[in-house]
Amino acid sequence: MSPTLSPSTAPIGVFDSGIGGLSVLRALRAALPHERFVYLADSAHAPYGEQGDAYVAARTEAIAHHLLQTYGIKALVVACNTATAAAIAEVRARYPALPLVGVEPALKPALSLTQTGRVGVIATRGTLASGKFGRLRASLEGPVQFAVQPCDGLALAIERSTADARDTDPATAEVRALCERYTAALAPFGTGHGEIDTLVLGCTHYIFAEQALRACTGPAVRFVETGEPVARQTRRLLEAAGALAPVSTPDGEAVRLLTTGELPLLQAAAQRWLGLPARCCAQVLVPTLASGAHSQAFSALTATHQAQAAINL
Ligand code: DGL
């Protein structure tokens, strides 16, 4: 794929700290079958959740810059709750003409699902400590109580466990142990009075640990994740911008998957979670922009993108 001047045939950029955002990409592909996608897993810099806002914001900026400059993306989906909380406002300010979608823990959908009035939320430390999450929670808490649990290490363990799904694999055992520890901190789960009947998966990696989580919560608890609402929102924004791809099979590659980390890990994830062959995957280097270079690079790209958008209005 190369940069293009036509937003409607340009790819949609999707990124996450690692392979977690593939859960969002899966929903995007189902909702937008005529679109091309370029997905970037920043696995060399994962996990984001325990690194602090400045680090996550710098990585988000570098990746947005890379996807715009190298692939001419027509929209960006930040398929990472932690990066959305730390940096989406900055990306929006820098690229006002770029259709931009972030993800946040699905507290609102959980409100309408819970019968017991107790909702569990698992997410990274960064997401739960963010002002964005604090404001969302405060705006909704009342009749429904949210019990939150940061899950240090879980996203990373899920990354490591991708290549080998066997129960005996140490990374898979670690996923199981972490799920047990963090759900035990939230318990009791169930449909009885005072029990958590709805669990919000506030990190895009966690749905890939669904089995391990389910073993801890029991069958009656509902899991809420964000792939489908994000895909619907992306579709709405593209429609509003008149930038949906034409209804025809896209030319060339429909999905390109990139990683800053280990290529075999992304290839295993692509195969396991999306049924995509290894040849869709490649390794890339995306250096963090030097602080002086930020504003120059971003204003140049903003101007380019606005010009592209204007051409197609
Ligand atoms: N998948 C990411 C999220 O949704 C973050 C995982 C991490 O890198 O800590 O928050």
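In each ligand, atom 1 is the first atom listed, and ligand 1 is the first ligand listed. FYI, the numbering just counts along the sequence from 1.
- Salt-bridge annotation for Glu228 and Arg26: absent, with no side-chain N of the basic residue lying under 4.0 Å from a carboxylate O of the acidic one.
- In this structure, Glu195 does not pair ionically with Arg118, as no charged nitrogen and carboxylate oxygen lie closer than 4.0 Å.
- Between the side chain of Ser139 and the backbone N or O of Leu136, at least one donor-acceptor pair lies under 3.5 Å.
- The closest side-chain donor-acceptor pair between Tyr48 and Asp42 falls under 3.5 angstrom.
- The side-chain contact (heavy atoms from CB on, under 4.5 Å) with Phe133 is formed by just one residue from the set Leu107, Asn81, Thr84; it is Leu107.
- Note on ring orientation: taking the six-membered ring where Trp is involved, the planes of His45 and Tyr55 are tilted (angle from 30° to 60°).
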Are there any N/O pairs under 3.5 Å between ligand 1 and the protein, and if so, what are their distances?
unit_1, atom_1, unit_2, atom_2, d
ligand 1, 1 (N), Asp16, OD1, 3.0
ligand 1, 1 (N), Asp16, OD2, 3.4
ligand 1, 1 (N), Thr204, OG1, 2.9
ligand 1, 1 (N), His205, ND1, 2.8
ligand 1, 4 (O), Asn81, N, 2.9
ligand 1, 4 (O), Asn81, ND2, 2.9
ligand 1, 4 (O), Thr204, N, 2.9
ligand 1, 4 (O), Thr204, OG1, 3.3
ligand 1, 8 (O), Ser17, OG, 2.6
ligand 1, 8 (O), Tyr48, N, 2.7
ligand 1, 9 (O), Tyr48, N, 3.3
ligand 1, 9 (O), Gly49, N, 2.8
ligand 1, 10 (O), Asn81, N, 3.4
ligand 1, 10 (O), Thr82, N, 3.1
ligand 1, 10 (O), Thr82, OG1, 2.6

